[in-house]
Structures are given as C-alpha cells and as structure tokens.
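Let me begin by presenting the structure, written as structure tokens, before commenting on it.
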Amino acid sequence: LMATSFGADAAPLLIFSPSREVLAEASPDGRLQLWDTATSTLRQQLVRNSHLTVRATCVAWHDHVGGPTLLAVGCDNGSILVWDVARGELAHELKGHAQPVLDVLFESSSGGTGDTLYSSSADRQVCSWSATTGALLNSAKAGKVAVHRLALAPDGAHMLLGGSAMRLVRLRGWKRVSRLAGHAEPVQCVSFSPGGRYVLSSSGDRHLTLWSVSYSASAAADPQDQSVCSIALDAAVAQLGFHPSEDDSSLSFFALTADGRLGVWAVPASMLAPVKKPRKGKPAAAQRLAAQPDCLVTVATEDGQRAQTDSQRIFAAAFSAERELVAAYGSRARPHFARVSYTLPNGDFKPTVSLPRVGNGLLAAAADLGPDGKARAKRGRTEPPQQLGAMDMALPSGMSARQRVVAEDDNLPLLPAAATAALAAQQTEAAAAAAAEVAAAGESASFGERLAGMGGGGEEAVGPAKGPGDRQRKPTASSQVSLLVQALQNGDHVMLDQALQVQDAHVISATVARLPVTSVLPFMQAVLQRIQGKPARVATLASWLRALLSTHAAYLMSCSQLLPLLTPLYQLIDERLSVFKPLLKLVGRMQMLQAQMASQAAASRQDGAGASDPLFTYDEAAEAAAADEGEEEEEEFDEAESDGEDEGEDDDDDLSDLDGLDEDEDEEY
C-alpha cells in the first residue's frame, strides 16, 4: 500500500485500508477523515487541538491481523502521529526527525511481526519504530540524498529505498544488495509484485518502469538487464499498484494519472521471461508495453466537455478483489466510491469502463441519481429552491480594479451577475437605512459626532457637549455595517476602533450577518491584528471574532489563507492556557491558607480568648534612637581616652626635664 502523491503541497493524501472498506484522507491542516467506501459517507474524523500548527505530508495504514487498527501520519515538523482508529485517540507522537517526514510504512504481518513502523525524512535518515510502544528501534543514514519512498519486500527482510535511484537494502545491518538507476527525478510511486521479483516505479512524470529485482549482491548491476519494460503515458502518474493475488508468472497492475484516467495492464509471460543476450554488434531491442491499457476506466464526461478540464476525476484507486477495483471520484469534499469489474465473464478485459457522474450539488444523494448522473424527478413533489450561503457570494461589480485584483489573489469565489446585483442591492438598502436614521434624529450631525455618540460619550468623544436631557442613541446594525465597510476601505484605524467598542451581543451578531462577503477577511484580519498587538483587548474583541467565525464559517472554510491567518491566534491561546494550571494551583494554596486562618480565628473566638499578644515587636524609630545614643556615648568615650593620652605625654615630658637637671648637677659636682 502506498500514499498517493498528487504533485502539489495542498493536495490531500489518500490511502485505502487493507480491507478496502475505508479511505483515509489526511488534509494538509492535520485533520484525518475516514470515509466509508460502501456508503460514501464520513465514518470518523480524527483531529488534534493543535492541528493547525503542522501540515501532513504522508499517511500509512497498519494491516496487522489481530492487532489494533493504526494510522500513521507524517508531518512537516519531523514528527509522526500514530492514531488508534478503534479508540479514536492519538496513540503515539514520535519525534526523531529534524526535517519534514517524506514517507511512512508499516511492516506487513505476512512478512514479519507487523509491529514495526518505518519512516524516511528530508534529513536523510531512515528510522524504525515500535508500533506498540512508540520507542525508536533503529536509525540509519540513507546516504547523500533523501529517501522519498519506502517499499517493503514481501519476504520482510529487504526494503527498497526510493530516491533519484532506488536501492535494495537488507534490513539486518542495512547493507545494500542492488541498485536500480534510471529515473531523472526522485521516485514518487513504487510497488513490489506479490512474489517480490518485480518492482513498478515512477518519478511523477509520464513514464512507468517495470524492474526485475535481484536479491544477490553478486548479480550484474546493469540497468538494461534490470529494466524489463517501460510505458510512456499521456499524463503524470499519480498512483500505481500490482494485483495482490497473482504470482509473478503473470502480472497485472494499474496506473492512475493526474488527469483521472485509470488504466489496467496485463503483462504477457513472454515479456517476463529472461531476455537472451544479443549477439556482438547488435544492440538489444528495448521492450515496451503498449501505452494504451487493456482496460481504461474514466468518469462519464458532459456534452462538449474535455476530460482534462473535468472536475469529477478519479483521484484514488486500489485492487479490492479478484478482477475488481475500487475507485474514489467526484468531489474531494465528499468523495463517491464505485467498485469496478474490469473483465468479462470469459476473463477478457473490458476495453473501457465509464463511471456515472455524481450530482452537481454536494448534498445530492447518490440514490436519487440516474445512470447518466442526473437527479431523478419525483412525482407530486416539488423541491425547494437552493439558497446560496456566504461562500457562494461574489465580488460586487462596482469594485475598483485594485480591489478586484486583491480579492482575486485571495481566492474569493465569483458568482454570476444576478448574485452580484443582489449583493449591490443589499448594500444600497443598508446605506439607505443608515441615512434614514440620521434624518430621523432631527439634527445634521457630522460623522465624528456620530462616532462620538457610539463611543459611549467619554472624554475622548468628538462633538458638542450634550445636555442632561439628551439621551444617547443606541447604535444599530445598519449603521455599524456602513461604518465598518467605510473604515476598511479607507484604512481608518480610529474609525474602526470606535466601531469595535460596541459590546451589545445582538448588535454585533446582526452587524456581522449583514457584513458583505468581500469585507469578511479584511475585517477578521483587522480584529486579529488588534488582538495580537494588544492582548489586553481580547475580552472586548472576542465577541466580534466569535460572531465572525460562526456566521461566515462556510465562506472562511473555502479560503486558502485562513490557515496562516488563524495560526498566530491559536499560538496566543496556547500561551495563555499554559499558565492556567499553575494559576489554579496558586489559587488552591491561597484558599487553603485562608481556610486555615479562618479556622484558627474561629477556634480562638470559641474558646473566649482574645487575640494573643505578639511575642516580639520591632519599632524602627526606637531602634534608630537607641543606635544614635550608642554612637554618642562611644564618641564621648573616645574623646576621654584621647585627653588621657595627651596628659600622659605631658607628664613624660616633665619627667625627662627633671632627669636632665639631675645630670647637669652631677656633672657640676
């Protein structure tokens, strides 16, 4: 089984379950949807709270019999999410790659224990994990280039590493056995035959190559000896696979191209036989299968419409049973599934198979469609007209060229002239209602005075002072819509801040509901910029943001720029929630201390004892005065000592004088 690559980063990743009962779709924003192939309905959706922070890059099913049903999703941040489908929860989050994960693959239960998950990344590492515990078992360097695709041989002992060249390695010791070179670009699709003798590969271009694999290291490594045949198709290859129940004596495989054409080929036994070496001087003739498949499966096209431009294409397929395929086609928002038998009762291939078209509406039931894909008319019952929602609105015809270019860059949907005229009429009615309110007020108030009236009449209000008898008019939804649209078109931040000061829930919901669809994204961007710049305003802006997301959810989900727009908001919410648990612990401790103090005070009052005197009282003024007195006493003591020393020196001088006199007298004598 292989994850389907559509050659575009925004395309969803699709893979059928081993039983072909479920199709797993990993969208780029991290949501994992499981579709029932029997009823074409959504069976389950697996999503994390932080799904907007990562993008899915690959997906793989776990086909271990008797074990848990697991789904592995590789992400662009290097992590791998392993989901337990039965329990509907995340089993493991594997972190071992430094760059985006390129492919994931579970070990088959037929060729091994089925408990190992393999992954390759742009960091040129191939890792093996335990599917049960999530532990990293082994990590090996793939070489100088990254491995884009992994394929496990049926014997469970060898693996094919698909880069620009494919290398067959032995899992024990990761030793290279052989090398298959010939693709100009990295391999995007690769599949082993049931017996493991042949490999089918494509690098995402129009060419499909069938290889003969040798498991002996001493075999010749000439690509001409290893390439069995090649096919040149009309479009790039999106998916391929061998029929699982056939041996290597006769093979059949399918290939799905990017334009939705599903072809089935049967490889003749003569082409699988060993090719005799040519004589000297005569080159070997290159073997080729016919580009036209033995059976071609397509979706019935409308009159005059080309298959290349048809939106209802086949975008996923797999062999489901003997001589049968299951195909997913129609809208990717709600896929439709069909099981196709591509052979006649005598075993011959059907030249072509045409699938019926799905109804034009996403909500049309498959049971109400005829063979031609058109809805059947019900007798005695009239269907109500279809109502257009916010995502069906169009750009108004009166927009300037610059505004239309910006809107077209934002991928805003366009509608016919009737819808545009209806939108213009709605805006005209809103402007007329706002003008009528101003005329009914009986005064020619300026635009600044109206803003001051809605701002609450504070000190920052602009306009003449109101008397005590004047009553402030409550802002209405029609006037708020006019102010918001004009502020967004002119880039007036002051006017927009004044309009956002309204906190009436009814006015906010009615204003957002009347907001033109062309102003939804600019208004959301302005609100998010204010939340990020001043997080303290979240309490006042949360009501506006909640009304925007709930009222225009259908339109916002159709905008491709919604993901980068909401990612900073989600990160801000995560940062605020990260301190929630420590604050709860602090509040609990403070409440415990207050309860202990209250219980002690209640016990003392019950015993009749008053408040106990403190054991020690510290008076800073008294301590300072005592310190000053001590310093004065020390100074007086030092002065007294210095005076005593001076007197002692004088006495010593007198004694020395007397000694001198005695010496003179002795000399005279």
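Because the structure is a prediction, the values reported are computed rather than measured.
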How far apart are the closest heavy atoms of Ala499 and Leu484, and which atoms are they? CB-CD2, 3.7 Å
Side-chain touch Met524/His552, heavy atoms, less than 4.5 angstrom: no
All heavy atoms of Ala526 vs all of Leu488, minimum pair found to be CB-CD2, 4.5 Å
Tell me if a side-chain donor or acceptor on Arg31 pairs with a main-chain N or O of Val47 at a distance below 3.5 Å. no
Surrounding CG of Asn49 (heavy atoms of other residues, nucleotides or ligands, distance under 6.0 Å), is the total greater than 12? no
Are the side chain of Arg20 and the backbone N or O of Pro18 linked by a donor-acceptor pair below 3.5 Å? yes
Shortest non-hydrogen pair, Phe106 vs Leu70, comes out as CZ-CB, 4.2 Å
Taking the side chain as every heavy atom from C-beta outward, state whether Trp61 and Leu71 have any atom pair closer than 4.5 Å. yes
Ignoring hydrogens and geometry, is there a side-chain-to-backbone donor-acceptor pair from Trp544 to Val512 under 3.5 Å? no
For residues Phe315 and Leu14, report the shortest heavy-atom separation together with the two atoms involved. CD1-CD1, 3.2 Å
Check whether any side-chain N or O of Thr69 sits under 3.5 Å from a backbone N or O of Ala86 as a donor-acceptor pair, and report yes or no. no
Give a yes or no on whether the backbone of Cys75 and the side-chain of Ser79 come within a donor-acceptor separation of less than 3.5 Å. no
Nearest 0.5 Å, please: how far is OG1 in Thr53 from CG in Leu566? 13.0 Å
Examine distances only and state if a side-chain atom of His97 and a backbone atom of Asp76 form a donor-acceptor pair shorter than 3.5 Å. no
Go through Val481 and Val485 one step at a time and tell me if the side chain to side chain contact (heavy atoms under 4.5 Å, CB included) criterion holds. CA-CA 6 Å; Val481 169; Val485 172; 4.3 Å; yes
Straight-line distance of Leu94 CG to Leu117 CG, nearest 0.5 Å: 6.5 Å
Nearest 0.5 Å, what's the CG-CZ distance between Asn77 and Arg55? 12.0 Å
Within the distance-only criterion (no hydrogens, no angle test), does the side chain of Asp84 pair as donor or acceptor with the backbone N or O of Ala91 below 3.5 angstrom? no
Side-chain contact test, heavy atoms from C-beta onward, threshold under 4.5 Å: evaluate it for Arg357 versus Val299 and give yes or no. yes
Just verifying a value: how many Å separate Thr301 OG1 and Arg313 CZ, rounded to the nearest 0.5 Å? 12.5 Å
Quick one: salt bridge (charged side-chain N to carboxylate O under 4.0 Å, His left out) pairs with a partner in residues 486-502, sequence neighbours left out? Asp497-Arg530, Asp497-Arg537
Which atom of Trp129 lies closest to which atom of Ser119, heavy atoms considered: NE1-OG, 3.0 Å
Do Ser331 and Val358 make a side-chain contact, defined as non-hydrogen atoms from C-beta onward lying under 4.5 Å apart? no
Judged by atom type as modelled, is there a donor-acceptor pair below 3.5 Å linking the side chain of Ser121 to the main-chain atoms of Pro100? yes
Would you check if Phe523 and Pro516 make a side-chain contact, meaning some heavy-atom pair closer than 4.5 Å? no
Indicate yes or no for a side-chain donor-acceptor contact from Thr551 to the backbone of Leu548 under 3.5 Å, with no hydrogens or angles considered. no
Side chain Thr37, main chain Phe337, donor-acceptor under 3.5 Å: no
From the options Arg48, His92, Gln44, select the one residue that forms a side chain to side chain contact (heavy atoms under 4.5 Å, CB included) with Trp83. Arg48
Inter-residue atom distance Leu42.CG - Gln33.CD, 0.5 Å rounding: 5.5 Å
Check the surroundings of atom CE in Met592: do more than 12 heavy atoms from other residues, nucleotides or ligands lie under 6.0 Å from it? yes
Might you point out which heavy atoms bring Leu355 and Ile314 nearest each other, and give the distance in Å? CD1-CD1, 4.0 Å
Kindly indicate whether the side chain of Asp103, heavy atoms from C-beta on, has any atom under 4.5 Å from the side chain of Tyr118. no
What is the distance from atom OG1 of Thr540 to atom CD of Gln501, rounded to the nearest 0.5 Å? 8.5 Å
Note, Leu565 side chain near Leu521 side chain (heavy atom, < 4.5 Å): yes
Find out whether Leu528 and Leu545 are in side-chain contact, i.e. whether some heavy atom of one side chain is under 4.5 Å from a heavy atom of the other. yes
